[in-house]
Structure formats: C-alpha cells, structure tokens
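Below is one structure, written out as structure tokens, with a few remarks after it.
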Amino acid sequence: MADFDGEESGCEEELVQINSHAELTSHLQQHLPNLASIYHEHLSQGPSVHKHQYNSNAVMDINLDNVCKKGNTLLWDLVQDEDAVHLSEGLINEAEKLLCSLVCWFTDRQIRMRFIEGCLENLANNRSVVVSLRLLPKLFGTFQQFGSSYDTHWITMWAEKELNMMKLFFDNLVHYIQSIRDGRHKHVLYSHSAEVQVRLQFLTCVFSTLGSPDHFRLSLEQVDILWHCLVEDLECYDDALHWFLNQVRSKDQHAMGMETYKHLFLEKMPQLKPETISMTGLNLFQHLCNLARLATSAYDGGSNSELCGMDQFWGIALRAHSGDVSRAAIQYINSYYINGKTGLEKEHEFISKCMESLMIASGNLEQDAQSSLTIIERGLLMLKTHLEAFRRRFAYHLRQWQIEGTGISSHLKALNDKQSLPLRIVCQPAGLPDKMTIEMYPSDQVADLRAEVTHWYENLQKDQLNQQPQLQEFGQSSRKGDFPGGLMGPVRMISSGHELTTDYDEKTLHELGFKDMQMVFVSLGAPRRERKGEGVQLPASCLPPPQKENIPMLLLLQEPHLTTLFDLLEMLASFKPPSGEMNLEDVESARCEELHLHAENLSRRVWELLMLLPTCPNMLQAFQNVSEEQGNDGPCWKDLLRIKSAHKLLYALEIIEALGKPNRRIRRESTGSYSDLYPDSDDSSEDQIENSKKNTWSCKFVASGGLQQLIEIFNSGILEPKEHESWTVWQLDCLACLLKLICQFAVDPADLDLAYHDVFAWSGLAESHRKRAWPGKSRKSGADHSKGLHIPRLTEVFLVLVQGTCMIQRLMSVAYTYDNLAQRVLKAQSDHRSRHEVTHYSMWLLVSWAHCCSLVKSSLADSDNLQDWLKKLTLLIPETAVRHESCNGLYKLSLSGLDGGDSINRSFLLLAASTLLKFLPDAQALKPIRVEDYEEETILRPGCKEYFWLLCKLIDNIHVKDASQTTLLDLDALARHLADCIRSREIMDYQDGNIEDDGMTGLLRLATSVIKHKPPFKFSREGQEFLRDVFNLLFMLPSLKDRRQPKCKSHSSRAAAYDLLVEMVKGSVENYRLLHNWVMAQHMQSSHAPYKWDYWPHDDVRAECRFVGLTNLGATCYLASTIQQLYMIPAARQAIFTAKYSDDIKHKTTLLELQKMFTYLMESECKAYNPRPFCKTYTMDKQPLNTGEQKDMTEFFTDLITKIEEMSPELKNTVKSLFGGVITNNVVSLDCEHVSQTAEEFYTVRCQVADMKNIYESLDEVTIKDTLEGDNMYTCSQCGKKVRAEKRACFLRNCQGY
C-alpha cells in the first residue's frame, strides 16, 4: 500500500524512483539487439581482438583484454562496489542479473573466461568481492551446458592452476576478517552475515560434484584458515559450522577427506567451549564422532578417539547454556551406552561418571550456585532418562525375571501398581479352547505383555503335550532352547485387527489404546529374516538378556552411590544461597529466592530418581523381618526410622506402606463370567477374601511396636516447622505419608472394605470423577453408603495407644498447614497433593476416632482454639480442593453419632453451627473474582462457598427441640439477620458466568435451611416483605436508575432464590397467595407483549460472548452486517447515541430507530433484536425496505451514511473522519519525464477477496501497478503523444474507521 496522510513527499520520491528505473530499463532494452554497443567503439585495438558476428551481419571488434576494465562494460561498472553504492538495492540486483544473463549468453568461452579473470582480479585487489563470488559459480556452470571437453570441472581446475583461485579466495578471506576485527571495514552494501554467506556458498558450489572433480579438496592449512576466520567469529559462528556439517553429511560435497575430518575431530572441535556450543556444532560433532568410529573400528586405536569424543559430549551435556543442546547431547550419550555394540559393559563407566559429576557439582555449590545447580540438573536428567530408556529397551527380560520371581521393579512402581486400575487382557490361543486373562497396567509396555503371554503359552503347550500325546507334532514347533532363536518373536499377538509385532515392544498399552477385557489372539510366530544394516535396533524381545551385574538400577543401589544420592537430596533440600549483606536489593533477593526454589525442585528430581530404583534390599529385608518380640524393638526402630532425616524417614515409611497395603483383589466379588475366564482365580471365594484381609506382616508390625513408633513420631511434632518457620516440601510429604500409615494400621480389619477408598486408595478425586468402579464391585453397595454416614471403626490397639496423648491437638494443628507457608512452596506444591493428603488423613482420623470414642468431641469442644481452627478450615484455606476436604471432614465429624443416645454429639453439632455463624461477616466480606482471569493457573485465595455448604448441612440436621432448649442458636433471629444481609448485599453477580457471587448464593441457601425449621419470621409481616424482596431478586427489571438489576443473574444464585421462594410458601397460605398474585401479574397481557406459543426463555438469552444479534427477516443480511459493523466502531456508536433528536432534522425516524437498535444491541438480555421497525421506517429509492429483497451492501451502506451525514453537522464530520479517505491515481510515463496525478475522495473501496489471506493483501491488490503499452498506450497531456506508462493507485489519506 502506498502513502497515507502526512507522507506526500514519500509518494513523490517513489514516483521519481519509478521513473528513473523505467528510463534505465528502456535504455537497456533499446540496446539489447546490438550487444557490441555495450563496449565503447573508440577502444584501442590490443593484441587480443575478438570478432563477433550477429544476425544483422554486422561485425564489431571487441578487445577481450579490457572488457573488465573500468569504463569498457556498462553493466560490469554498475555492479562494482564504488558505483553500486549510489544505486538502490533493487537496481543493483537487476543489473547483476542482466550482466549474468548477457555474459552467459556468449557461446564463445573466451569472453566468459575474461570475466572469470576479472572476478578473480577483484578478489586479488579485495574489491567487489560479493558480486564476484556470486558471479563465478554461474560462469563455471555455463561450461557444462555446451557439452564440450571444456566442462565445469575443466574451467574450475583451470582457474585454480592458472589463476590460483583458492589462494586468492583465502587471502581475501583473511584480509576481510582482519579488517573486521580491526574495525576498518564499513558495511555499506552488504552486512557481515551476507559477506560470510556468499563466501561459504561459493565454496559449496566449487566443491560440489558438478563443480569440480572429487580429488580437488581443501588442504589442512586452508581448513585451519577457514576455522580461524569464521568459526572463531561470534556473528558467523553458526553459519560456518553449518557449512562444515553439510560437508560431512552430504555425498555431493568433497571439500574435505577423512584426514581433514580427523583433524577437525581431534584438533578443532575440542576448541569449542561446551558452554557456548550451538545445536549445529553438536550435530557436527556427532557426525564426526560417528565417522571416527567407522574409520577406526578396524584397529585398536579407535578407543582413544572415541574416549575423546565422549568426554566432549559429557561436557556439553552437563555445562551447555542451551537446554536443547544439553538434552540432545544427553540423548546421544544414552543411546551410545545402551545401544552400543559392546552391550552393557560400559554401564559402570556411565554410572561412575554421572555420580562423579554430581559430587563435584555439589562440592562447588557454595562457591558457584548457578552453574553447580545447572550441572546437577543435567546429571539427574541424564540418569533418569537413562534408566527409563533401559527399562523400555529391556522390558521383555525384566518382565520375564519378574515372572520367575527374580524381578527388578522400581520403588515407585511397587507403590503405584496397587493404586491404579489394571487392564484385563483376555488371551485366546489359536486352535485351542483355553482362555487366559492377564492383568496388566496401562503403563506396561507391549514387551511386558509379550513376556506374560510367552510364559503362559509355554506352560499351556506343556500341559497339552502331557495330556494329549497326539499333539506331539504340534509341540515340536514350539520354542526350543533359549530365545531368541529362529523366530523373530516368541509368539504372534493380534488384537483389534492389528498384529502386535516386535516393533511395538517399547510402546505402552495406553498408547496403543488397550481397553479392559480386550481380546488378544495368540499363535506361534512365523520365521522371519533378521534385520540387517547399520543403525537398525533389534526389538526388545529379540535382544539377549542383560547381565545383572551391569544393570544401571542395581549399580546405583550399591555403595557409595545410594548414600551419595541421599546426601545430595539433603543438601539440595536445605540449600540456602549465600548472602553477603543483610539488606539485599530487590534484584539480588529475587535471585537468591530463585536459586533456593531451583534447589528445592532439584531435590524433588533426586527423589524421583530414587523412586525409579528398586527398593533398597537391606532396608526392605529389615522391615520384612520385623519380629513380634518386644525386646528388639528399641535399636531396630531407631535404625529403620531415622527421624533426623526427613528424606530417609519418608523412604522408610513408603516401604512400610508397600508392605502393609492389602492387595486390591479384596475389592473383587465373584461375578460368574469373570471367574469362568480362569477358574483358579484366588478371588472367587469369600473365605479367601476374608483371609486376604488379615495381612500377616501388618499384624507383626503392629505387634512389634511399629504403630506405637509412628504415633510417637507424630506426637513429637518433629515433622512440623518450628516457630516463625514455614513448612517445607519434605515435611509435608513425610507428614502425609505418616498420617496415611497411622490410618492404615488403625482401621479395624473388619472394616477394610469400608475404609479402602478413603485410606488405601484415596486419590483426591470425587466419586463422580471415577471413570469406572473396581471390577466386580457391587453397584448396590455404593448406593447403600450414600444413605447415611458409614464410618469405619478403629482397632482397640490404636485407641489404647492414643489414650492420654496430645494427638487431638496435633491433628487440629496439622489439619491447617498454611501458617507461615511461603508463596513459592504453595506454588511448587501445585502438582503434589501433600497438603491435601495431610488435611484428608488428619480429618479422617479425627472422624473415625470420634465415632469410636465420645471423649474426642468433648476435647474438641473444650479446646480454646476451636473457633480459630474452624475459621481457618472453612474460610482461610487458599486451595479450593483442600478447603472442600476440610469442610467435608467437619461435616462428618459433626454428624457422626447423632443416631445414638449420647447428648455430646447433638451438643457438638449446635456448638459447631453457632461457632460458624460468628464468621458470617467474614464470609460476606470475601468478594468474587472473575473466572476467566484464572483459566490457566489454579486459583489460590480464600473462599466462602464451602463454608456456606457446611453451615447449611449443619442447620439442616439440627432438631428444633434441641435448638429451642439452647441459647447457642436462635433460628428466628438468624432468619431476620439473613434477610437483612440479603437485602443489603450489593450486586456482584454477572449473567455471563465470569463472576459468580458465592456469598449471595450461600446466604440464600442458608436462609432456605433456616426457613425449613419454620421460625416465626416466616409467618410474620416482615417475612412477607422478605418474600417480596426475594421475588425481586429474580424478576426485577433493569432501569435507567439501576441498570444492574436483577440481583441474582447466575444460574446458581437464581436456583438458590427459587428454592428459598418455595420454602417460604410451604405451610403458609398467605405467603402462597401473595406469591401467586405477583407471578400472575407478570403474565398479564398489559405487562408485556404476548409470547409465542412455543416460547422458552433458555433459548432466547444473550450469548455467552455477550453480544446481541440481529434477526434475519428473510433477505436482510446486508442490513445486519452493516448495522453490526457500525455498532462495533466505538466512535460511530457514540456519535449515534449523542445525536440530538428534534423535529426539524432530516431522517429523524431513521435516527430514532438507529438509537433504539444500538440501545438493544448494548443493553438487551435477549439473543437477538428484531429490526422490523427499522425496515418499516427506512426508505431507499423512496420505498420502504422490502425484507424479502436482497440489496447490494455497498449501495445500502452509501445510502445509510449519506442519510447520517444529512442529519446534523456533527454526524457529517464523524462520518467523514471515520469513513472518508483520499486516493490518488498516478500515471508515470516511461518515455518522458512527465507524471500525472489526480486525487479523489472515497467512502468505500472494492477489494478482491478470492485468493487473499487478509485485508492487507486485498488493499495491496488495489494499489498494484498496471503497465500501459501497445494498443493501450497512454496519451501524455504535456507531450501530446502516446507513450508507454505505468498506472497505479495510492492511498493518500485513509479513513480512521479502517
């Protein structure tokens, strides 16, 4: 697009440039037929004269020795730097293209060779280097097209031998780089990057297969010059490495040979700093390393170069500033050690290097925290990815060992396998009636399934051979000897119409979309040829079993590696950046806080790494061998449960959890078809289920004093922060696990089923979020539990151990873990559920304990901190899920035991309700927030929704008799107070749902719960007035004085108000009569226009985007689009609203209807506005608008803005400023110097839409130039003759509305 307002001078300059360009092009075109006119006729005849004959039979003499001398060739002179600096970039490029085409047009090689000499002479004189190097490859390429013996290879070697081309090139390169480094070179025409890229492109063309013979290569000295000049230059560093990379991996390039590559690998690449190496440099190093291995694999000397390369890779992986470069190096290292030809013999070296790097970095943590943390992060990532890659690679053999009873499973898997829902895979062997169901987990790989199926299929074949001798021939085709043998896989598996080949072995069942009870057809695999070729990895099931002494997980469990990991974990968890001064600046303080948070995150990485390892065999065996004899418990528990280290304590607690958790098979019940799949299942008998509940190890643990030790650790408060200190991540995790174990061992074995989902398999998800129940679980049992509170009983051992202790105060203290909690910890724990778990298990233990012992509620009621504790749990917890969990626990705690005869339970309920009512002003003070502002991150702020929910539940369960006998709760006074609160609450509800007033909704629901008890307020005159107020909350219409009505707009608040209305009229005839009259008055004919017979309010509400549409009356889309575009322009909308209506203005009815329509579009709550009144009053061509007739939008828009301009001078100025513009039509003559320019105003512009990406391309299409020539030549008004010209439209001033 051309010029706009304020840029008239720019337009004139562009026209002059177009004119000069046109003159140059015309001049060149006029002289093209006579090529000899490029050179001057008065040149002196030298010894070398060439006679060239043209079609016109004219013969001109050209002195070949001087064609590249200044003043002899016009185009050559134009592209030289001293002349090109005066031209624009476009003209330089055009002149260069034209020179190239003209020179290459000559069939005589002498002229082209002279220009080659001229280009190399420029290199020798260090002038016009860029254009010369761009022209040389094109000149070389012209020798190939004529098919003579003088081909491209010949001319390249001629330039090298006769003219020393490469010497001139490198001399110029050294001169150029030296001038850059000295600051003597000024980039007038080309940037430094362009200069370097042209030189590299020249080398690429020269040393390509088509450019020169294969024996023509760079010398080591030249490679050193190239490396010194370009790779050591920071600006062109990556471009130079990319050129070297292309030389290594491209078969069409031969600039360097194996000796040169070796020189680069051993001498040059180590010079690159690992911290600053780029991804291109890493790729180059990888290719050179692979070449070095291939070149040295035949003799023993290869180990030195390989070792050198790996050391460099280790440095890059650990210290590179770029995260992408580091991850790529880590991936290469893992691939080298796992997939190498030497097997796993170098795993010791890998583990030792990693641990050594971590130890060195941890030792330097105080001196250089930033770089040390980076090295530790990279080292942990390398170890983790290595272990995961190893498990994926050898999953088949690891599973086989597990089946045989010698498996190596991770510590985390032992914990999580019993929590996640398994998949049942039904296996059907080919030709046999037997079926088998195998339990797998979604995270298992196909290799795991293959190992299970192989083991089962082998046993099945043995049984068949023993039972049916006639199948002996079939048995001979089974697998013989150790796998792998002649078959590519032990078995063939087909599921869902696709064969699960060995290529899928490293994919998980979840990735392949396996479902529960999915059928897999099994048969013996057909023989296949083994894969061949370098770099092709064999599938996991085709690999030999790894040597157990080389397995990385077991190596890390050995000392001192395991101790090093725990020491590193404690060091990172307790790391605090050194601060020299007490009063740090804000920037330095933020940096220290960032380093501290980084160290904490890395401590979590160390823990995740420990979870990938198998459980420490020494600790596992010690816990498995716990004795019931009390004499050995002292030193045993002190060594096993190390309370001074939270990390080692957490590790030990998780071992206890894995050993003491009951198998999830106890959740199954016999369903007939499930047991039919495999009759030998151990869960088809009720006796077996009962026996499985009695975990013998758990009994030994409790009997040997384990539960007592856990309770003592909890009561000691050692896991809680000290005064004025905040919670740490590890304290929360350890405390959550400790509480879970206490709940696990405290629950009565008879109630394990009742406590299973709340203790053993609790995941923080609501019951409605569970995708499916446990297989075989009775649906009826879930319904029975929902009828009332089903609280499990606790063991007598637990009740005896906690009697007389401070455990109640401890549970109250840890239920709220947000005192002195730093914001960074709060955000860091968003992915971990430690606080949620602590609150859940502490509340669950309190509820269960109170259900078994009434003294718990008495202690809570007598506690001085009860009021503060309830306020924190119901209002001040910033996390919604934790706040909901605490309120749910308080609800169960308050309602437990109400059916019994103990009065303490009813008294505690009244006490809790009356105490919560004291926080009602605090709950009302919490303002709602806009939901859309927190779509991406979790909302961390106090809330009142759960508070009102709990209070409503408590009020609902209060007996009127109990309420009347106590002074703690006056329901009638509470009802009057709630009515005043509802009346006085300001309007904060929005119908779009972005802001929901939980306070208003809670007050309405609380009032409903109070009114259910029929207080006198309900039947009084004040109650009837309140009924009217509630009615207005729903149905009061907005007005000019109060446009925010009604007060209840969101779905939740309106539903609560409807419930309150219903409760107010129950049992009160007078209230019902009043409400009936008010509702009927709204449906009288005089109140509003009659509704359609099929009217449904939910289908006619304003859209969620909060825009109101216009109803299409048949063919009025042109009207709707025009009106909506006008409305969406703020200035136009404001001008219509502020226009003064009077009887003497033109088109007054149109203005009135426009204002009315804009008002509806802004304020209406309807889905769309019907523009029929506007169509009746608006006239076009002296006729009202016919809604069934389609009109041109441009015509309607022009007619509408014309009428708006005629309404008032203000509107006229607004329309002109918004939609008016000036466009100039310019005609530039190509044969004379005259330019014609005419300007005209416009309000609309017709733009092309087809094949255009956006409005800018459409406007560019309007301003595209058109050449007038031939029969369409332009008649110049000043010259009076026809001339060739270029016509173009330019926007001189655009409209503001665009």
Side-chain angles (χ1 to χ4, degrees), residues 1-5 7-41 54-58 60 73-75 77-79 83 86-102 105 1221-1248 1250-1252 1257-1294:
M1 196 162 58
D3 306 303
F4 293 95
D5 191 13
E7 299 183 2
E8 289 82 354
S9 59
C11 182
E12 298 294 341
E13 292 175 2
E14 183 180 0
L15 294 176
V16 172
Q17 186 175 1
I18 293 174
N19 190 20
S20 61
H21 187 191
E23 292 180 359
L24 175 62
T25 306
S26 175
H27 175 75
L28 294 177
Q29 290 177 350
Q30 292 175 2
H31 292 75
L32 279 178
N34 190 357
L35 188 63
S37 62
I38 297 178
Y39 310 106
H40 297 280
E41 296 182 359
Y54 298 91
N55 295 332
S56 60
N57 296 325
M60 300 298 296
T73 306
L74 175 61
L75 290 176
D77 294 342
L78 286 176
V79 298
D83 293 332
H86 302 293
L87 302 178
S88 65
E89 182 179 356
L91 293 179
I92 297 174
N93 294 333
E94 291 294 331
E96 184 179 338
K97 291 178 183 178
L98 192 56
L99 172 65
C100 181
S101 61
L102 290 176
W105 178 82
V1222 177
I1223 190 171
T1224 61
N1225 295 314
N1226 307 293
V1227 182
V1228 180
S1229 175
L1230 299 179
D1231 297 331
C1232 63
E1233 298 180 355
H1234 299 143
V1235 177
S1236 173
Q1237 183 178 15
T1238 58
E1240 60 178 330
E1241 292 186 351
F1242 70 91
Y1243 285 88
T1244 60
V1245 178
R1246 290 189 176 272
C1247 298
Q1248 181 179 344
D1251 302 327
M1252 296 294 166
E1257 287 193 1
S1258 299
L1259 291 175
D1260 288 340
E1261 187 69 18
V1262 175
T1263 61
I1264 196 171
K1265 66 181 179 180
D1266 184 22
T1267 303
L1268 305 178
E1269 57 185 357
D1271 296 336
N1272 196 27
M1273 295 179 68
Y1274 170 72
T1275 303
C1276 180
S1277 59
Q1278 300 185 30
C1279 299
K1281 63 179 180 178
K1282 288 186 175 294
V1283 295
R1284 293 177 301 108
E1286 289 182 348
K1287 182 180 180 182
R1288 186 183 187 186
C1290 299
F1291 289 101
L1292 187 60
R1293 184 175 66 85
N1294 70 318

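Scope of the values below: all heavy atoms of this structure, side chains included, with no hydrogens, waters or symmetry mates. Quick caveat, the model's predicted, so the values are computed rather than measured.
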side-chain contact (heavy atoms from CB on, under 4.5 Å) between L1259 and C1247: does it pass, once the steps are laid out?
CA-CA 6 Å; L1259 291 175; C1247 298; 3.7 Å; yes

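- Between A95 and L75 the shortest heavy-atom distance is O-CD2, 4.4 Å.
- Under the rule for a side chain to side chain donor-acceptor pair (under 3.5 Å), the partners of N1225 that lie at least two apart in sequence or sit in another chain are E1240.
- If you take NZ on K1281 and CE on M1273, they are separated by 9.0 Å, rounding to the nearest 0.5 Å.
- Listed here is the closest heavy atom pair of E1257 and D1251: OE1-O, 4.3 Å.
- Across all their heavy atoms, S1258 and Q1248 have their closest contact at OG-O, 2.7 Å.
- For the atom pair OG1 of T1267 and CG of L1230, the computed distance is 7.0 Å after rounding to the nearest 0.5 Å.
- Atom CD1 of residue I1223 and atom CZ of residue F1242 lie 6.0 Å apart, to the nearest 0.5 angstrom.
- In this structure a side-chain-to-backbone donor-acceptor pair under 3.5 Å is present from T1224 to C1290.
- Note: D83 CG to D77 CG = 6.0 Å, rounded to the nearest 0.5 Å.
- How far CD of Q1278 is from SG of C1232: 7.5 Å, rounded to the nearest 0.5 Å.
- Heavy atoms only, all atoms of each residue included: V1283 and C1276 are closest at CG2-CB, 4.1 Å.
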side-chain contact (heavy atoms from CB on, under 4.5 Å) between E1261 and M1252: does it pass, once the steps are laid out?
CA-CA 9 Å; E1261 187 69 18; M1252 296 294 166; 3.6 Å; yes

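- Between R1284 and D1231 a salt bridge is recorded (basic side-chain N to carboxylate O distance below 4.0 Å).
- Between V1262 and R1246, the shortest heavy-atom distance links the atoms CG2-O, 3.9 Å.
- Under the rule for a side chain to side chain donor-acceptor pair (under 3.5 Å), S101 has no partner lying at least two apart in sequence or in another chain.
- Distance NZ/K97 to CG/N93: 6.0 Å, rounded to 0.5 Å.
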